[in-house]
Amino acid sequence: GRLVFAGGARRSKVFPSGVETGVPRMPLPRHALDWETLDVGEEQVHRLHKDAQIVFKVDGSYSWRTLESDITYTVMPTGTPWLLIADEGVELRVEGTVAGNLVVYSPTRVSISGDLRYAHDPHQERSEDYIGLISDDYVEIAHPDITGPGDLSVQAVVFAGRQFRVRRYRDSHGGTLSIFGSVTAGSLSATEPRYSTLLEFDARLEEQRPAFFPMTNHYVFDDVETVWTPAPGSTAALR
């Protein structure tokens, strides 16, 4: 499609690394995780059947509770990667400090309720921490009355089949939404005036992706070698 810049925005300021429009559409899978081909044992899966709040901790554990209860449970993952999987129609809210290789999947909605950061920050040190937030429908920034005002930091790899969105983005609370990782989505909502947005690509993803992260079957050559040489012993002519 096309981009429309409002107010005093300039393309060079909004997209300092450049932006390309008019590219072919990349079809996304309707179901982000194909259970028939998913090679994972039940000992690596935590299944959630009701709307739940999940808080990750620096020691690799996490606490969780259903949204209708004050009873909190603590889980220490016993396998890697570790998958938190919700039933159809179930919302998973996430925040905290991630240590390890984790996947959070809900067919319906994954909601970011507070800062979500890696225990070992890839900006500062070598990090093997990854979290994939995956939904067939929505991955979203929760309502302001859940996240609170001010800045919000998200370190994650996001796949939202329908939309990545900021709830009540018209609220004028101020602050910056900083996303370090990547965002793949069917569409994106606006973020302002609730947030100014800084999106920074996690360079580790050029070589490795979170476990079971969805892929498209549409590819584009990034570069083509223009100098060809014959293999040793070859008699083929070069043109």
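Note that these values count all heavy atoms, side chains included, but never hydrogens, waters or copies made by symmetry.
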Does a side-chain heavy-atom distance below 4.5 Å link [X] with [Y]?
| X | Y | value |
| --- | --- | --- |
| Glu200 | His123 | yes |
| Val90 | Thr108 | no |
| Phe212 | Pro81 | yes |
| Ile85 | Leu48 | no |
| Asp202 | Phe180 | yes |
| Tyr118 | Ile131 | yes |
| Val104 | Ile134 | no |
| Leu133 | Val157 | no |

Q) When Gln155 is tested against each of Asp121, Leu116, Asp115 for side-chain contact (heavy atoms from CB on, under 4.5 Å), which residue passes? A) Asp121
Say you draw a straight line from [atom1] of [X] to [atom2] of [Y]; how long is it, rounded to the nearest 0.5 Å?
| X | Y | atom1 | atom2 | value |
| --- | --- | --- | --- | --- |
| Ser63 | Tyr73 | OG | OH | 12.5 Å |
| Thr147 | Arg93 | OG1 | CZ | 11.0 Å |
| Glu68 | Asp70 | CD | CG | 11.0 Å |
| Leu152 | Glu95 | CG | CD | 9.5 Å |
| Arg47 | Asp87 | CZ | CG | 8.0 Å |
| Phe56 | Thr97 | CZ | OG1 | 10.5 Å |

How far apart are the closest heavy atoms of [X] and [Y], and which atoms are they?
| X | Y | value |
| --- | --- | --- |
| Ser106 | Ser135 | O-OG, 2.9 Å |
| Ser111 | Ala142 | OG-CB, 3.3 Å |
| Ala185 | Gln163 | CB-C, 4.4 Å |

(Q) Can you tell whether the side chains of Arg126 and Glu128 come within less than 4.0 Å, N to carboxylate O? (A) yes
Do [X] and [Y] share a hydrophobic cluster, counting only Ile, Leu, Val, Met, Phe, Trp and Tyr and linking them when any side-chain heavy atoms are less than 4.5 Å apart?
| X | Y | answer |
| --- | --- | --- |
| Val139 | Val55 | no |
| Val158 | Leu188 | yes |
| Met76 | Ile71 | no |
| Ile54 | Ile146 | no |
| Ile112 | Leu198 | no |

Looking at [Y], is [X] sitting on its ring face, NZ or CZ under 6.0 Å from the six-membered ring centre and within 45 degrees of the normal?
| X | Y | answer |
| --- | --- | --- |
| Arg167 | Tyr195 | no |
| Arg204 | Tyr130 | yes |
| Arg165 | Tyr138 | yes |

Any side-chain to backbone donor/acceptor pair from [X] onto [Y]? Under 3.5 Å, distance only.
| X | Y | result |
| --- | --- | --- |
| Asp129 | Gly100 | yes |
| Ser127 | His120 | yes |
| Ser187 | Arg162 | yes |
| Asp151 | Thr176 | yes |

Q) With a 3.5 Å cut-off and no angle check, do the side chains of Gln53 and Ser113 form a donor-acceptor pair? A) yes
Q. Is it the case that Thr74 and Ser61 place a side-chain donor and acceptor less than 3.5 Å from each other?
A. no
**Q.** For His46, the option from Trp64, Tyr105, Trp82 that meets ring pair (Phe, Tyr, Trp, His ring centres under 6.0 Å)
**A.**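 Of all the options given, the one that passes is Trp64.
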Q: Tell me, with the steps shown, if Leu84 and Val103 meet side chain to side chain contact (heavy atoms under 4.5 Å, CB included).
A: CA-CA 6 Å; Leu84 295 94; Val103 174; over 6 Å; no
Q | By salt bridge (charged side-chain N to carboxylate O under 4.0 Å, His left out) - contacts of Arg170 (at least two apart) | A |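 In terms of salt bridge (charged side-chain N to carboxylate O under 4.0 Å, His left out), with neighbours along the sequence ignored, Arg170 is linked to no residue.
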Q.
Taking atom CZ as the centre, does Phe201 end up with more than 12 heavy-atom neighbours from other residues, nucleotides or ligands that are less than 6.0 angstrom away?
A. yes
Q: Give the C-alpha distance, both sets of side-chain angles, the deciding distance and a yes or no for side chain to side chain contact (heavy atoms under 4.5 Å, CB included) between Thr72 and Arg65.
A: CA-CA 5 Å; Thr72 300; Arg65 65 175 179 84; 4.1 Å; yes
Q) Where do Arg194 and Ile141 land on the side chain to side chain contact (heavy atoms under 4.5 Å, CB included) test, with the steps shown first? A) CA-CA 11 Å; Arg194 181 181 170 190; Ile141 305 300; 4.1 Å; yes
Q: May I have the step-by-step check of side chain to side chain contact (heavy atoms under 4.5 Å, CB included) for Tyr62 and Val75, ending in yes or no?
A: CA-CA 6 Å; Tyr62 60 91; Val75 175; 3.4 Å; yes
